[in-house]
Amino acid sequence: MTTQNLLVELFVEELPPKALQKLGDAFASVLGDQLKALGLASAASVVTPFASPRRLAAHVTAVADKAADKAVQQKLMPVTVGLDKDGNATPALLKKLQALGADVSNPTAAVAALKRAQDGKAEALFYDSVVPGATLQAGLQKALDEAIAKLPIPKVMSYQLETDCGMDNFLPGWTSVNFVRPAHGLVALHGSTVVPVKALGLTAGNSTQGHRFEAAVSPVVLADADSYAATLQKDGAVIASFAERKAEIARQLAAAAAKVGNGARPIEDDALLDEVTALVERPNVVICQFEEQFLGVPQECLILTMKANQKYFPLLDAAGKLTNKFLVVSNISPEDTSFVTGGNERVVRPRLADAKFFFDQDRKKTLASRVEGLGKVVYHNKLGTQGERVERVRAIAKAIATQLGDAALVADADQAALLAKTDLVTDMVGEFPELQGIMGGYYALNDGLGETVANAIEDHYKPRFAGDALPRNTAGVVVALADKLETLVGMFGIGNLPTGDRDPFALRRHALGVIRMLVEKDLPLDLEKLLQSTFAIFGERVFASGVSDKSIQEIEAVNRSRGGIQIGVATARVGTLLDPTASQKLADFIYDRLAGSLREQGYSAQEVDAVLALRPQRLALVQKQLAAVRAFAALPEAPALAAANKRVGNILKKAEVEGPVDAHVNPALLQEQAEKDLFAALQRFVPEANAQFDAGDYTASLQTLAVLRAPVDAFFDDVMVNAEQLDLRLNRLGLLKSLHEAMNRVADLSRLAA
């Protein structure tokens with residue numbers, strides 16, 4: 001058995017750029033894994049992926065021309081079934097052996113070749129055979145078929161191949177092929193030997209095609225598997241490796257920016273760099289420019305149109321401001337680049353002119369004058385228009401601002417909430433939806449509303465993604481919180497919950513945004529009150545437009561049954577109640593997101609579970625509680641106290657079936673010394689622990705209570721809780737209730753029990 005390096009390439013028409021790297025990695029990975037599974041490659045074999053706009057390829061080291069034979073032992077049947085009383089083969093055994101290809105011409109010899117071994121309670125017959133190893137052609141054919149079948153193709157297309165039916169009396173026919181793009185070539189080289197595998201109507205050879213315009217020869221003939229990348233670059237003018245091509249583009253971008261000078265640097269955008277890498281085979285970066293008059297347009301607009309529409313790299317100066325120069329990654333390298341430069345400058349000019357036109361037109365109307373137009377924009381068919389949504393956000397923002405600040409904050413938050421969505425009806429955002437919020441900030445400054453309101457309008461979508469910055473000022477935080485809470489409550493209220501991978505309204509992201517603002521801004525807001533007040537605001541406003549009297553009566557009846565808190569509300573359009581369990585579902589959803597975030601930060605599932613089991617309302621304090629739990633868990637007393645706490649919880653749960661247990665203790669009814677000692681310890685140490693808890697020193701509070709281990713252990717050793725005498729039993733349950741309440745203010749310590 002000899003090994004050589006293997007090269008497989010599939011040459012196709014231009015592949016989808018946003019999927020190219022994933023396609024290339026998947027093709028190489030599956031091909032390599034299949035060869036290893038078949039024994040043609042070893043665990044030490046190195047798989048190298050290649051992907052360019054017109055090819056997927058893989059290079060695999062140390063691939064054998066034939067896999068090693070494999071010894072296989074197969075269970076046939078129990079001895080009692082395979083052999084008769086004289087030890088001769090039964091017809092069933094002979095038939096089985098014949099099916100496996102064994103020689104049964106001499107049944108006695110065939111039986112003698114079998115092995116007998118205990119299989120459970122019965123003795124069974126086993127047949128040893130050798131399975132020939134796969135040949136390279138057969139194994140590679142299977143691996144190639146599997147690699148193509150498992151490609152993460154975003155969208156399959158069908159095309160026709162002309163085929164010869166192989167009969168002189170018939171005309172050629174057509175075969176339908178399904179693949180991401182039409183395939184035109186297949187290469188399979190084991191060393192310098194062609195492996196004649198087939199795929200997509202193609203038979204493998206040793207030649208491929210290079211660059212459409214700049215290849216030195218056509219076709220490009222490959223001498224062997226190891227010369228693939230070098231030959232393709234030399235004769236085909238193609239850098240086959242995605243990673244190498246990406247690095248070359250980054251190098252050329254940096255060199256071109258340095259040539260411009262004045263601290264210029266290309267905008268950092270990994271997604272754009274990956275997409276451009278997938279569009280070119282031989283990158284050549286050229287410097288272009290546009291008229292400086294366009295710099296009067298907000299740079300976000302210019303950057304977006306250059307990146308999204310043209311795949312250009314805008315250049316920023318040392319201060320991060322947009323310059324009038326940009327970089328183009330061309331797929332050709334002519335001696336005179338003036339045609340490339342001029343062509344791209346002509347193409348970008350109308351785009352920038354459109355952006356300038358939209359900006360100039362939008363500034364002719366104030367944001368305030370656009371508020372009425374939001375009433376014509378549908379937000380959701382069950383939740384009304386954007387205009388109605390704005391009124392809900394304003395009410396939520398006003399309630400939050402009232403808790404956090406003075407009249408000035410309330411006024412700023414209200415104005416920002418009123419105008420935050422108005423840029424949705426501007427020409428600029430209509431053309432570039434990604435600029436919503438950003439353009440609202442610019443237009444607010446144009447209207448003379450001041451930086452506080454302008455920044456709040458721009459920031460109210462933040463945080464947009466993991467790691468994004470939070471709003472810059474308190475008004476922005478208030479409006480961002482109100483906006484996200486309105487979305488969460490509305491969607492949960494109508495039952496539009498995320499499921500699996502589906503989350504069309506980004507509710508998970510909104511929940512994490514609420515958590516981050518409450519925690520990182522250390523806001524003195526209780527989560528439950530926030531949700532209840534938001535549900536109540538929906539109740540006041542959603543049926544403002546034409547719900548029937550009967551529906552309103554039903555809604556009011558539900559609200560009265562819930563103590564006047566409007567958690568069951570109706571939609572304006574359909575007159576149906578919001579899910580009365582929505583508030584609890586939403587709270588659970590937020591705590592689940594918080595738990596996941598905390599685990600990602602390195603807290604154990606036990607620690608997180610112990611703290612969140614109490615449903616803490618001030619989320620900003622959760623990390624202090626977690627730190628206290630971690631410090632407590634390190635104490636030698638912790639395991640015993642956690643176990644005792646779990647035992648106390650179970651006792652109280654059973655007792656409360658008959659009615660609530662009062663934490664009151666009558667000292668006169670304490671009879672056993674152990675219960676007197678526990679009561680004395682509680683009297684002595686709980687006030688100190690409570691004072692530390694109230695001061696926010698949760699670690700000290702739990703450590704103070706750690707001294708209760710000895711009296712708690714003695715209590716359970718010496719005291720019968722369920723005494724027959726009712727007053728004694730209730731008094732002892734009251735003592736345990738006092739202990740339970742004292743121990744579980746920071747976290748549910750029973751969750752720490754093994």
Side-chain angles (χ1 to χ4, degrees), residues 267 269 290 293-310 312 314 316 320-322 324 348 350-379 385-387 389-390 393-394 397 412-465 468-473 475-480 482-484 486-487 506 513:
I267 193 164
D269 190 322
F290 57 83
Q293 63 173 337
F294 292 121
L295 293 176
V297 179
Q299 70 178 43
E300 292 90 346
C301 308
L302 305 182
I303 290 171
L304 182 60
T305 191
M306 283 191 281
K307 284 170 41 179
N309 296 320
Q310 305 304 133
Y312 297 158
L316 308 178
K321 296 294 183 182
L322 182 67
N324 70 321
V348 79
R351 296 283 187 181
L352 302 183
D354 285 347
K356 185 176 186 302
F357 174 78
F358 294 145
F359 185 56
D360 292 340
Q361 289 298 111
D362 285 343
R363 287 183 296 170
K364 292 178 181 179
K365 292 178 65 176
T366 64
L367 291 180
S369 70
R370 298 179 184 274
V371 172
E372 185 178 352
L374 292 174
K376 301 175 184 177
V377 180
V378 175
Y379 166 55
T385 65
Q386 286 286 1
R389 184 185 181 208
V390 163
V393 173
R394 287 181 69 189
D412 288 341
D414 183 58
Q415 187 172 35
L418 173 65
L419 303 176
K421 303 298 180 185
T422 51
D423 64 357
L424 296 177
V425 291
T426 62
D427 292 338
M428 185 70 83
V429 174
E431 181 72 14
F432 302 111
E434 300 91 337
L435 296 175
Q436 57 187 290
I438 294 172
M439 296 313 303
Y442 278 109
Y443 296 146
L445 290 174
N446 183 71
D447 294 349
L449 299 180
E451 285 193 3
T452 299
V453 172
N455 289 343
I457 291 173
E458 179 181 345
D459 292 350
H460 86 279
Y461 288 107
K462 293 181 179 179
R464 286 181 165 91
F465 50 85
D468 190 19
L470 298 183
R472 286 165 282 184
N473 58 44
V477 171
V478 168
V479 180
D483 184 62
K484 287 171 174 54
E486 193 278 340
T487 300

What is the distance from atom OH of Tyr379 to atom CD of Gln386, rounded to the nearest 0.5 Å?
7.5 Å
Quick check: do Pro463 and Lys484 have side-chain heavy atoms less than 4.5 Å from each other?
yes
With a 4.5 Å limit on heavy-atom distance, are the side chains of Leu322 and Leu302 in contact?
yes
Run the side chain to side chain contact (heavy atoms under 4.5 Å, CB included) test against Arg351 and tell me which residues pass, sequence neighbours left out.
Thr305, Asn309, Gln310
Should Val371 and Val390 be marked as a side chain to side chain contact (heavy atoms under 4.5 Å, CB included) after you check the CA-CA gap, both sets of side-chain angles, and the distance that decides it?
CA-CA 9 Å; Val371 172; Val390 163; 5.6 Å; no
Residues at least two apart in sequence or cross-chain that pass side chain to side chain contact (heavy atoms under 4.5 Å, CB included) with Val378, listed by chain then number, are none
Using side chain to side chain donor-acceptor pair (under 3.5 Å) as the criterion, list what pairs up with Lys376, not counting sequence neighbours.
none
Within this structure, what is the CG-CD distance for the pair Leu352 and Gln293, rounded to the nearest 0.5 Å?
9.5 Å
Test salt bridge (Lys or Arg N to Asp or Glu O under 4.0 Å) applied to Asp362 - qualifying residues, sequence neighbours left out
Arg370
Filter on salt bridge (Lys or Arg N to Asp or Glu O under 4.0 Å), then keep only pairs touching residues 296-308, sequence neighbours left out; what's left?
Asp269-Lys307
Just jot down the side chain to side chain contact (heavy atoms under 4.5 Å, CB included) partners of Asn324, sequence neighbours excluded, or say none.
Gln289, Phe290, Glu292, Leu295
Just verifying a value: how many Å separate Asp354 CG and Lys356 NZ, rounded to the nearest 0.5 Å?
12.0 Å
Distance-only donor-acceptor hits, side chain of residues 448-455, under 3.5 Å, sequence neighbours excluded:
unit_1: Asn455; atom_1: OD1; unit_2: Arg472; atom_2: NH2; d: 3.4
unit_1: Asn455; atom_1: ND2; unit_2: Glu451; atom_2: O; d: 3.3

Any donor-acceptor pair under 3.5 Å linking the side chain of Asn473 with the backbone of Gly476?
yes
Quick one: side chains of residues 431-439, donor-acceptor pairs under 3.5 Å with protein atoms, not counting sequence neighbours, listed by atom name and distance.
unit_1: Gln436; atom_1: OE1; unit_2: Tyr461; atom_2: OH; d: 2.8
unit_1: Gln436; atom_1: NE2; unit_2: Pro433; atom_2: O; d: 3.1

Residue pair Phe359 / Cys301, side-chain heavy-atom distance below 4.5 Å:
no
Test log, rule side chain to side chain contact (heavy atoms under 4.5 Å, CB included), inputs Arg389 and Thr487:
CA-CA 9 Å; Arg389 184 185 181 208; Thr487 300; 2.8 Å; yes
When you check the gap from the basic side-chain N to the acidic O, do Asp360 and Lys364 get nearer than 4.0 Å?
no
Atom CD in Gln299, atom CG in Leu316: separation rounded to 0.5 Å?
6.5 Å
Can you tell me if Asp423 uses its side chain to pair, donor with acceptor, with the backbone of Gly440 under 3.5 Å?
yes
For Glu372, the side chain to side chain contact (heavy atoms under 4.5 Å, CB included) test, sequence neighbours excluded, returns none
Looking at side-chain heavy atoms only, is the closest gap between Met428 and Tyr443 below 4.5 Å?
yes
Residue pair Ala456 / Ala475: nearest heavy atoms and the distance that separates them
CB-C, 3.9 Å
Between atom CG of Asn446 and atom CG of Leu367, what is the distance when rounded to the nearest 0.5 Å?
8.5 Å
Side chain to side chain donor-acceptor pair (under 3.5 Å) with Thr426: which residues, sequence neighbours excluded?
none
Residues 412-422 side chain polar contacts: donor-acceptor under 3.5 Å, at least two apart:
unit_1: Asp414; atom_1: OD1; unit_2: Arg394; atom_2: NE; d: 2.9
unit_1: Asp414; atom_1: OD1; unit_2: Arg394; atom_2: NH2; d: 3.3
unit_1: Asp414; atom_1: OD2; unit_2: Arg394; atom_2: NH2; d: 2.9
unit_1: Lys421; atom_1: NZ; unit_2: His460; atom_2: NE2; d: 3.1
unit_1: Lys421; atom_1: NZ; unit_2: Asp483; atom_2: OD1; d: 3.0
unit_1: Thr422; atom_1: OG1; unit_2: Leu419; atom_2: O; d: 2.6

